[in-house]
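Notes follow once the structure below has been shown.
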2 protein chains.
Amino acid sequence: MGDEKLDKRNSILEVAEELFSELGFDATTTRLIAKKADVNIAMLNYYFGGKEGLYLAILEKHIAANHSRLQTINSDNISSFDKLNKFIDGYVDHMQRSCAVQKLMYMEMSISIRNRISEHIVGMLSKNLIEIKKIISDGVANGSFAQVDAEMLIASMFGTKVYLINASPMASLLFKGSTDAQELLTDDVVQRLKDHYKKMFKLYLSK
Amino acid sequence: MGDEKLDKRNSILEVAEELFSELGFDATTTRLIAKKADVNIAMLNYYFGGKEGLYLAILEKHIAANHSRLQTINSDNISSFDKLNKFIDGYVDHMQRSCAVQKLMYMEMSISIRNRISEHIVGMLSKNLIEIKKIISDGVANGSFAQVDAEMLIASMFGTKVYLINASPMASLLFKGSTDAQELLTDDVVQRLKDHYKKMFKLYLSK
DNA sequence: CAAAATTAATTAATCGATTGATTAACTTTT
DNA sequence: AAAAGTTAATCAATCGATTAATTAATTTTG
């Protein structure tokens, strides 16, 4: 067998990510995590220093996994619309891949008492925000885009994602007519979302 | 003095609504509610049967307050676009008025263990969803609207709201450049949101 | 109308359960 | 044997809820 130490650590991370995104931070107990991960409760504190440390470790893992994903788009020498479309494809794919983490982030972000957690989350997500803001403002500056309420447009973009992921009972009702928890982000819905985003930006930003 | 009995009950409701929307259901303790409302903890159980009962009472109050608000629009004999604009104005005004309740609803909706609460919330919010879905499908049927991905369009509408209210640290960063908790939904932002919504539907639905 | 009886409102104290975390002992690895 | 990994048992704190007792308000009765 391979490294079984890391197996346990990773098992905790995986189980915790799933439970946090399902139940939220408070309702997820360390005992439940330990039980589902088939691990002693103390291991959780041994590896991560505590419940909040585990939560932050999940965020850090997610940061590390997507650190390089972002930088590459804005450097390319392509049109502003192409940048936008490229950003959308990458963003939606990434959203489908890591929707559990994204759900958990938006769940806890707004809770006032979680200052440290909230800072981490906002810091992570703001990178996406800054990047797309730059694409749009550059496009407006070089005359490719029409002048729009860029903030509202961006709010609609991120908001659509948040609605699909975090308000999934409503989104399921909208897309499938039922509220069962069955996977909503099918390949079909993902493709529709990409098309929707591209159409949205095209409609708003075309001169 | 007037009815001081109702004062206490209402005080609990008001304080609880504020705390639930700030801290979420789990992190809001009955002790904190009682302390802030200057009321004995037992009163909370006396009037509402418990923490969950109090939460549901807040929802019920909100349902009652907005029961009549909805029915009137679709009956009018006006164009589909006018219906849409009328809906938007009413919806955004309502959103500004009761943003605390809306925040708390979307916070707890997706938590799997809150079956009863989740049902209540989805039931409430689905009325808005059904109504706007009807406006759009009617408009498409009578030729006023172009054929679009109506589900995604609706997801963007509600999603924009959810982003502004529930992801307020991000929205504050977007609209004000800082994450302080100061009121985001100013009259200015509300007006921009209305304009944004109207433009969105116009762009998507114009033939 | 006033005394008595009943109900409603309110309080302080405390219940059992659960929480996150820690300890000390034990086992495995290096 | 030193270090890292792992376990069962347990800690203090806090949770939501309830209890028994007390006061206030209302209704019934004489």
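In what follows, chains are A, B, ... by sequence order, proteins preceding strands, each numbered from 1.
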Looking at [X] and [Y], would you say the former's side chain and the latter's main chain have a donor-acceptor pair under 3.5 Å?
{"X": "A:Ser168", "Y": "A:Leu164", "value": "no"}
{"X": "A:Glu108", "Y": "A:Phe25", "value": "yes"}
{"X": "A:Ser21", "Y": "A:Leu104", "value": "no"}

Of the listed nucleotides ([options]), which one gets closest to any side-chain atom of [X]?
{"X": "B:Thr30", "options": "D:dT6, C:dT11, D:dG16", "value": "D:dG16"}
{"X": "B:Ala42", "options": "D:dT18, C:dT10, D:dG5", "value": "D:dT18"}
{"X": "B:Arg31", "options": "C:dG20, C:dA9, C:dT14", "value": "C:dT14"}
{"X": "B:Lys51", "options": "D:dG16, C:dA12, C:dT22", "value": "D:dG16"}

Expressed in angstrom and rounded to an integer, what is the separation of [X] atom [atom1] from [N] atom [atom2]?
{"X": "A:Lys35", "N": "D:dT6", "atom1": "NZ", "atom2": "C1'", "value": "20 Å"}
{"X": "A:Phe48", "N": "D:dT6", "atom1": "CZ", "atom2": "P", "value": "12 Å"}
{"X": "A:Glu52", "N": "C:dG20", "atom1": "CD", "atom2": "P", "value": "12 Å"}
{"X": "A:Leu54", "N": "C:dA21", "atom1": "CG", "atom2": "P", "value": "10 Å"}
{"X": "B:Asp7", "N": "C:dA9", "atom1": "CG", "atom2": "P", "value": "13 Å"}
{"X": "A:Leu44", "N": "C:dT22", "atom1": "CG", "atom2": "P", "value": "12 Å"}
{"X": "B:Phe20", "N": "D:dG16", "atom1": "CZ", "atom2": "C1'", "value": "12 Å"}
{"X": "A:Met43", "N": "D:dT7", "atom1": "CE", "atom2": "P", "value": "7 Å"}

OP1 or OP2 of C:dT11 under 4.0 Å from side-chain N/O of B:Lys8: yes
N/O (side chain, B:Tyr47) to phosphate O (OP1/OP2, C:dT10) under 4.0 Å: yes
Closest-nucleotide 5' rank along DNA chain C - winner of A:Asn45 and A:Thr29: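 Per heavy-atom nearest nucleotide, the more 5' residue is A:Thr29.
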SB check A:Asp149 B:Lys199 (cutoff 4.0 Å): no
Axial cation check for A:Tyr47 ring with A:Lys8, 6.0 Å and 45° limits: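 Not satisfied by the 6.0 Å and 45° rule.
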